Amino acid sequence: DKVKAELAAGRRAIPATNAFAGRDPVANVVKELRIDFTVNGQKQSQRVEENATLTLPEGAEVVLAWYGLVDDRPAGEVDVTKQLQALVKNGRLEVAATNGLAGDPVPLVVKQMRVDYHYNGVAGTRVVGENQVLRLPPDGNELGDPPGYDLAEDAAGKRWLTAWQPGTYTVALAGGGKAELKLDPPPPAVVDGAWMLRFPPDLGAPAEVTLPKLISWTEHAEPGVRYFSGTAEYVRDLTIPAGLPGPGRALELDLGKVRNFAEVTLNGHAFGVLWKPPYRVDITGVAKAGRNVLSVKVTNLWANRLIGDEQIDDGRQWAGDGRLQAWPDWLVQGKPKPDDGRVAWTTWRHYTKGSALQESGLIGPVTLRAGLRQEVR
């Protein structure tokens, strides 16, 4: 309306300032002024940054004028392409998404870093949240290949070598002399096939779904799975061939890629919480030949649920920096929250409905590794 009033008064130079707008819609953020208008029936649009002046052409008729974050984004952007390119070493990149890359583009707002890349001729995109670590190329085994052997000493002072890969192992003893062991363990076996995935009630997801293969929850067609945040349980039978469990044998279950925390239970025995890679557990002594019951509880982060809730309009009004501008009527009137499909309710808009989802769940591949265990004499 102010822009239209300026045109009516014969003034076509419009200042992009807080004074002209009447207030600062987004504190500590460089804003823009965008004006959509028509000239002789032709639609046009112009924009300028804060403190610049936008001059409308002769005969312009204003359709819409917007001052603030004109693209309705919760945060500004900084191009960090060159910084990341300089950090690539031997074809790999590992970098934390922090303000140290290029300053803080939007203070007090949770940011994301998006990287579009090519690897072996294949295009890809990765998005990580602020302060998370981005690793490229992405692979299931984020710490490289598992160790080929383990060497340990028990409480009785005996030394044991566990070989996970075939080979001849030479151990130099501190007291002099060497021990040579030739071991030929069986190859690792991928645990493929279907998984039953169960969800808790009242968090927007179905009670359970069957996954023909392991995928990120964000790739599932069901919105309740795609936007789920919380803890879900993978359940299946794990068949172990005869001869693998037993004396002189070691068994390890490698979950591969997990987003973000996992708790493994086998035959009722819980192995605790795995909160960072490698997501591996030693199942020696618990696993048995034949049918075993495997459960993996996986907990992801809260971002996907917030993004899913943004697909539903509940009447809240947001400022450009994510602050809540107006409370919904039901809250002001003291009424119960309507059953509109939203699971969470926040007073800050951390994400929009177009924000990138974060990989979640048990992504795998899940691998059963058998080792041969022999005393070093």
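All values reported here derive from a predicted model rather than from experimental measurement.
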**Message:** Counting only heavy atoms from other residues, nucleotides and ligands, does the tally under 6.0 Å from CG of Asp154 exceed 12?
**Reply:** yes
**Item:** Worked verdict on Leu294 versus Val264 for side-chain contact (heavy atoms from CB on, under 4.5 Å)
**Value:** CA-CA 8 Å; Leu294 174 63; Val264 177; 4.0 Å; yes
**Prompt:** Excluding sequence neighbours, so at least two apart, what forms side chain to side chain contact (heavy atoms under 4.5 Å, CB included) with Asp313?
**Reply:** none
**Request:** Applying side chain to side chain donor-acceptor pair (under 3.5 Å), name anything that partners Thr284, two or more places apart in sequence or on another chain.
**Result:** Asp282
**Request:** With rounding to the nearest 0.5 Å, note down the distance linking CG in Leu151 to CG in Leu161.
**Result:** 6.0 Å
**Prompt:** Counting only N and O atoms by type, is there a donor-acceptor contact under 3.5 Å from the side chain of Ser229 to the main-chain atoms of Leu301?
**Reply:** yes
**Message:** The criterion is side chain to side chain contact (heavy atoms under 4.5 Å, CB included); which residues satisfy it with Leu324, sequence neighbours excluded?
**Reply:** Arg316, Trp318, Trp327, Trp345, Thr347
**Message:** Using a 6.0 Å cut-off, check whether atom NZ of Lys2 has over 12 heavy atoms from anything other than its own residue.
**Reply:** yes
**Contacts of type salt bridge (Lys or Arg N to Asp or Glu O under 4.0 Å), residue Glu222, not counting sequence neighbours** = none
**Message:** Let me confirm one number: the CG-CD1 distance from Leu251 to Ile283, rounded to the nearest 0.5 Å.
**Reply:** 5.0 Å
**Prompt:** Would you say Ile363 and Val258 are hydrophobically clustered, going by side-chain heavy atoms of ILVMFWY under 4.5 Å?
**Reply:** no
**Request:** Examine Trp275 and Val298 and state if one hydrophobic cluster contains both, with Ile, Leu, Val, Met, Phe, Trp and Tyr joined whenever side-chain heavy atoms are less than 4.5 Å apart.
**Result:** no
**Asked** So, for Ile307 and Gln311, which heavy atoms are closest and what is the spacing to 0.1 Å?
**Response** O-NE2, 2.8 Å
**Item:** Heavy-atom donor-acceptor pair, Arg11 side chain to Glu6 backbone, under 3.5 Å
**Value:** no
**Asked** Mind checking whether Val115 and Leu84 have side chains closer than 4.5 Å, heavy atoms only?
**Response** yes
**Prompt:** Taking the side chain from Asn267 and the backbone from Asn292, do they hold a donor-acceptor pair closer than 3.5 Å?
**Reply:** no
**Request:** Ignoring hydrogens and angles, tell me if any N or O in the side chain of Lys337 forms a donor-acceptor pair with the backbone of Arg342 under 3.5 Å.
**Result:** yes
**Request:** On the 0 to 90° scale, with breaks at 30° and 60°, tag the His269-Phe271 ring pair as parallel, tilted or perpendicular.
**Result:** perpendicular
**Prompt:** Are Arg305 and Glu310 ion-paired here, with the side-chain N under 4.0 Å from a carboxylate O?
**Reply:** no
**Message:** Let me check something: do Trp302 and Ile312 share a hydrophobic cluster, defined by ILVMFWY side-chain heavy atoms less than 4.5 Å apart, either directly or through other members?
**Reply:** no
**Message:** Could you work out, with salt bridge (Lys or Arg N to Asp or Glu O under 4.0 Å) as the rule, every residue matching Glu263, not counting sequence neighbours?
**Reply:** none
**Message:** Please check this pair: side chain of Asn300 against backbone of Gly361, looking for a donor-acceptor N/O pair closer than 3.5 Å.
**Reply:** no
**Asked** Is Asp79 paired with Lys82 through a side-chain N to carboxylate O contact shorter than 4.0 Å?
**Response** no
**Item:** Close side-chain approach of Gln46 to Pro57, heavy-atom, < 4.5 Å
**Value:** yes
**Item:** ILVMFWY cluster, Leu253 and Ile240 together (side-chain gap under 4.5 Å)
**Value:** yes
**Asked** Which pair of non-hydrogen atoms, one from Asp309 and one from Val343, has the smallest distance, and what is that distance?
**Response** OD1-N, 3.1 Å
**Contact check, side chains of Asn304 and Arg226, non-hydrogen atoms, under 4.5 Å** = no
**Prompt:** Taking atom CD of Glu153 and atom CH2 of Trp160, what is their separation to the nearest 0.5 Å?
**Reply:** 12.0 Å
For residues 183-199, dump all side-chain donor-acceptor pairs below 3.5 Å to protein atoms at least two apart in sequence or in another chain.
none

**Request:** Can you see which heavy atom on Pro245 is nearest to which on Ala289, and at what distance?
**Result:** CG-N, 3.6 Å
**Request:** Measure across Leu56 and Arg12 and return the closest heavy-atom pair with its distance rounded to 0.1 Å.
**Result:** O-NH1, 2.6 Å
**Asked** Do the side chains of Thr265 and Val293 get nearer than 4.5 Å, heavy atoms only?
**Response** no
**Fill in**
Residues passing the ring-ring contact (aromatic ring centres under 6.0 Å, His included) test with Tyr169, sequence neighbours excluded, are Tyr149
**Request:** Nearest 0.5 Å please: distance from the CZ atom of Arg135 over to the CG atom of Leu93.
**Result:** 10.5 Å
**Prompt:** When rounded to the nearest 0.5 angstrom, what is the spacing between CD in Gln325 and CZ in Arg349?
**Reply:** 10.5 Å
Side-chain polar contacts of residues 367-377 - donor-acceptor pairs under 3.5 angstrom, sequence neighbours left out - could you list them?
residue, atom, partner, partner atom, Å
Arg369, NH1, Glu252, OE1, 2.4
Arg369, NH2, Pro147, O, 3.0
Glu375, OE1, Arg377, NH2, 3.1

**Message:** Tell me which pairs pass side-chain hydrogen bond (donor to acceptor under 3.5 Å, both in side chains) where either residue lies in residues 231-244, with sequence neighbours left out.
**Reply:** Trp217-Tyr234, Thr231-Thr299, Glu233-Ser295, Asp237-Arg291
**Asked** Do the non-hydrogen side-chain atoms of Met113 and Val95 ever get within less than 4.5 Å of each other?
**Response** yes
**Asked** Looking at residues at least two apart in the chain, or sitting in another chain, which of them share a side chain to side chain contact (heavy atoms under 4.5 Å, CB included) with Thr17?
**Response** Pro15, Ala19, Phe20, Asn51
**Message:** Can you tell me if Asp116 has over 12 outside heavy atoms packed within less than 6.0 Å of its CG?
**Reply:** yes
**Request:** Grab the two heavy atoms, one from Ala205 and one from Phe228, that are nearest each other, plus how far apart they are.
**Result:** CB-CD1, 3.8 Å
**Request:** Specify the closest pair of heavy atoms between Ile35 and Phe37, including all atoms of both residues, with the distance to one decimal.
**Result:** O-CD2, 3.5 Å
**Request:** Please say whether more than 12 non-hydrogen atoms of neighbouring residues, nucleotides or ligands are located less than 6.0 Å from CH2 in Trp330.
**Result:** yes
**Message:** Do Val80 and Tyr117 sit in one hydrophobic cluster, given that two such residues count as connected whenever their side-chain heavy atoms are within less than 4.5 Å of each other, even indirectly?
**Reply:** yes
**Prompt:** Who are the salt bridge (Lys or Arg N to Asp or Glu O under 4.0 Å) partners of Glu49, not counting sequence neighbours?
**Reply:** none
**Between CG on residue Asn260 and CD on residue Glu359, distance to nearest 0.5 Å** = 9.5 Å
**Complete:** Residues passing the salt bridge (Lys or Arg N to Asp or Glu O under 4.0 Å) test with Lys353, sequence neighbours excluded, are none
